[in-house]
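This is a predicted model, so every value here is computed, not measured. Proteins get letters first, then strands, A, B, ... in listed order; numbering begins at 1 in each.
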Amino acid sequence: MSINIWIVVAGDPAVGNLIDTARSLGGQVCAAVVGSRVVADTVAAGGVDKVVWFGEPGKAPVEAFATAAADVIEATPGVVLGASRASDRVLLGAVAARLQAPVLTAPSSVSAEGDTLVVTRSIFSGIAEETVTVSGPVAVVLDGGPIPVANPAGGSALMEEVSAVTLGMTVVETHSSDFEQVDLGAAPRVVGIGRGLKAPGDLAMIEALAKASRSEVACSRPLAEGLDWLHKDRYIGVSGQHIAPEVYFAIGISGQLQHMVGVRGATTIVAINSDPNALVFTEADYCLVGDLYSIVPALTDALR
Amino acid sequence: MKIVVAYKWAPNPQDASVGVDGAVDWSRAKPGISEYDPVAIELARRLAEATGGEVIALTAGPKSVDASMARKAALSRGFDRAVIVADDALEGAGTTELAAVLAAAVRHIGDVDVVITGDSSVDVGAKMVPTVLAGQLGWPAVAEVTAVSGSDPAAGLLRVERAITGGTQVLEITGPAVLAASTDAAVPRVPGMRDILAAGKKPVETLEVPALDVPASGTTVTVTATARPDLKARKGQLIDTADPAAAAAELVAALRADGAI
């Protein structure tokens, strides 16, 4: 494609998927990088043609550079890719607004046909898909992917440092929380619990199953938000994590669409629920209709 | 402070049906205040209670967003008044178009100190309207906001707490700004009978798109195909649980045979 391809980077160099997608479109790829020099260098070595870097951010959050990013990209508008993380969305939103460019989310494929962008994407929480052709500036939100691997032959993209006028935002405090970090996306097996679980004390039984099956524990939204039984990091669903483990144990989960879109990538889904009409059984490989309080301990024993 | 909450009147995709050709039928999906918007409203009310000021409801969409039930559902949640952009031209409007209309309405309201939104809409769920809205206004935006207070409201300074990977961060922002609440930032109050009755008496300003200054997009987007998502074929194998130990053994054997464990 002969039009400009941009990626926006918001302080996190985990943009490998953006670079790969941009490269596959076949044009010059420029990166607008907000963040430290280390981040800019990582992106520059990761396969783009040019990096525009806004300098060390100091006490300004990356969002403070949203207008500056829009200024730079407005000069040569085109296809702009950004990651789905919170800060990345802020930069991409500012760029989309400046270009009056439509925003396309959740793509399963992005390709170029001449100067037209063709995007197939999931819509309305995954209940349907559409394919669109786009002529003109457009913003696409996609999974950032991993940190790009530096080109083994060495070499790095041209880096241009621009001075930015930042928005009036300052980081005044940063607190790290003391809960145990979990990478559900990397777990080969995940035990997901829902409202079928009656009390927070029952988590011990679930943790025993997780230990026996070497799984991580996850949950549907009500357990992380509202009930607070598990940290929000462990919530799977449309606005939470999307995972694709080898096995997903859906325990006491009704199978609402908003949860299931987060686990549809699982190779095997096991559902345990007392309601034979639970939606979860329509998307499961193994269906156990019954009392989770008797099945889960039995399953834990069988796995030991 | 003048606080605007941009909310959406939308149906839940859970209640829609999808044809084999991917066409979405919303006829049986009843619209409502979008799932996460009450959280934004709660944050706004707390900010208004702490700093003094009014909370204005703002929405944009087809005429149905101005139906009496839709108005009441919003106004019973503690707003002082509402500004509703109701125009059938907005049926199926994309993120950027909707954000441009909301931005024009924020300018129309005038002297707004902060716009608070929910995390995402229940139907589209792009999480992009608040950030594009901020971009249209040239204001700072922050997503995943867990708390907001006026650190120096007279100077337009906001103290905003947001969730980041592995913790939280406090930002000081020179307003006006757009803040997207995290899904669990606050537990919304449930409107009582008195709130619902009072809702009918609150002032509402209804606008159509031509009354606002909305920039046009030069990009054309054409839908060339729709489809039902290609879901993985699942076995749907029922395992009898009359004897839990036997069921567990059967499941473990099946998973081992699949190479899944």
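- Only the side chain of A:Val141 comes within contact range of chain B, with at least one heavy atom under 4.5 Å from a heavy atom of that chain.
- In this structure, chain B has a heavy atom under 4.5 Å from the side chain of A:Leu279, while its backbone stays farther away.
- Chosen from B:Glu97, B:Arg228, B:Arg159, the residue pairing most often with chain A at heavy-atom distances under 4.5 Å is B:Arg159.
- For A:Val270, the part lying near chain B is the side chain, with the backbone staying farther off; criterion is any non-hydrogen pair under 4.5 Å.
- Just one of B:Arg234, B:Lys235, B:Lys232 meets the salt bridge (charged side-chain N to carboxylate O under 4.0 Å, His left out) condition when paired with A:Asp285; it is B:Arg234.
- Using a 4.5 Å heavy-atom threshold, the side chains of B:Pro229 and A:Ser122 count as separate.
- Using a 4.5 Å cut-off between heavy atoms, B:Val221 touches chain A through backbone and side chain atoms alike.
- Contact annotation for A:Ile123: neither backbone nor side-chain heavy atoms come within less than 4.5 Å of a heavy atom of chain B.
- For chain B, no part of A:Tyr293 is nearby; none of its heavy atoms comes within less than 4.5 Å.
- In this structure, chain A has a heavy atom under 4.5 Å from the side chain of B:Ile164, while its backbone stays farther away.
- Within the 4.5 angstrom heavy-atom criterion, atoms from both the backbone and the side chain of A:Leu299 approach chain B.
- Put simply, the side chain of B:Ile261 reaches to within 4.5 Å of the side chain of A:Leu303, judged on heavy atoms.
- Ion pair A:Lys59/B:Glu172 not flagged as a salt bridge, since none of the NZ, NE, NH1 or NH2 atoms sits closer than 4.0 Å to an Asp/Glu carboxylate oxygen.
- Only the side chain of A:Val247 comes within contact range of chain B, with heavy atoms under 4.5 Å apart.
- In this structure, the portion of A:Ala284 lying under 4.5 Å from any heavy atom of chain B is its backbone and not its side chain.
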- Item | Candidate pair A:Tyr286 and B:Asp258, rule side-chain hydrogen bond (donor to acceptor under 3.5 Å, both in side chains), full reasoning | CA-CA 12 Å; A:Tyr286 298 106; B:Asp258 291 349; 2.5 Å; yes

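- Of the atoms belonging to A:Ile269, heavy atoms from both backbone and side chain fall under 4.5 Å from chain B.
- With a threshold of 4.5 angstrom between heavy atoms, A:Ser87 approaches chain B through side-chain atoms but not through N, CA, C or O.
- Looking at A:Arg221, the atoms closer than 4.5 Å to chain B (heavy atoms on both sides) all sit in the side chain, from C-beta outward.
- The neighbour count for B:Asp25 CG, taken as heavy atoms of other residues, nucleotides or ligands under 6.0 Å away, is above 12.
- Other residues, nucleotides and ligands place more than 12 heavy atoms under 6.0 Å from the CZ atom of A:Arg264.
- Residue contact with chain B, scored on non-hydrogen atoms closer than 4.5 Å, involves the side chain of A:Thr105 exclusively.
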